[in-house]
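Report on one structure; see the data block that follows.
Note: hydrogens, waters and symmetry copies are ignored here, and every other heavy atom, side chains too, is used. Along the sequence shown, residues are numbered consecutively beginning with 1.
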Amino acid sequence: MAAAFLFFGILVLDQLIKGLVQVSFVPGESVVVIEHIFNITYVLNPGAAFGLLENQTWFFILSATVILLAFLWYYPRLKRECALLHYGCVAMAAGAIGNLIDRIKTGLVVDFLDFRIWPVFNLADIAIVLGVAGMVYAILFKDKEHVEK
């Protein structure tokens, strides 16, 4: 139940905020939230992180679909794994689907979080990064903890 809440919470919040940004801003528009630190900036991203693989929409749609199918296939086993691995996978899948929805709708991903020293990103990106970080930590350290005990 908690995993479903996490999954749909990430997905709904991501899509709601992206929708709000789209109706409130024009592409390229930016509003200062904290001077020299944080802006809300509406960017339509045709690539991945840092603009890599720009305009490879079908590649990203296919990649996200494969991730989703793998997630669904392995999910019954994930529920038996440590919580960090389980919820990390859930967060990563929700983020991937959030960005997949954008790509299917327009071929572009809506980004809006602008910390001025980093490329603009969105909530789905945060879910992907934190999910993968949790998975990596669980894989590298959680299994070792079980062996040592």
Does D111 offer a backbone N or O that forms a donor-acceptor pair with the side chain of N45 under 3.5 Å?
no
Please, which pairs that meet ring pair (Phe, Tyr, Trp, His ring centres under 6.0 Å) have at least one residue in residues 71-90, sequence neighbours excluded?
F71-Y75, Y75-H86
Any donor-acceptor pair under 3.5 Å linking the side chain of E29 with the backbone of T41?
no
Could you state whether F8 and L72 fall into the same hydrophobic cluster, counting links through intermediate Ile, Leu, Val, Met, Phe, Trp or Tyr residues with side-chain heavy atoms under 4.5 angstrom apart?
yes
Single-linkage hydrophobic cluster, 4.5 Å side-chain cutoff, V132 and L68 together
yes
Shared hydrophobic cluster, V23 / V26 (ILVMFWY, side-chain heavy atoms < 4.5 Å):
no
According to a hydrophobic-cluster definition based on side-chain heavy atoms being under 4.5 Å apart (Ile, Leu, Val, Met, Phe, Trp, Tyr only), do F5 and L130 belong together?
no
Working for side chain to side chain contact (heavy atoms under 4.5 Å, CB included), residues L20 and L16:
CA-CA 6 Å; L20 182 61; L16 282 174; over 6 Å; no
In Å, rounded to the nearest 0.5 Å, how long is the span from CG of N122 to NZ of K18?
4.0 Å
Sorted by chain and residue number, the salt bridge (Lys or Arg N to Asp or Glu O under 4.0 Å) partners of D114 (sequence neighbours excluded) come out as R116
Can you check whether L11's main-chain N or O pairs, donor with acceptor, with D14's side chain at less than 3.5 Å?
no
State which residues pass ring pair (Phe, Tyr, Trp, His ring centres under 6.0 Å) with F112; sequence neighbours excluded, sorted by chain then number.
none
Nearest-0.5 Å distance that lies between atom CD1 in I126 and atom CG in L13
9.5 Å
State yes or no: do V33 and Y42 share one hydrophobic cluster built from I, L, V, M, F, W and Y residues joined by side-chain heavy-atom distances below 4.5 Å, directly or via other members?
yes
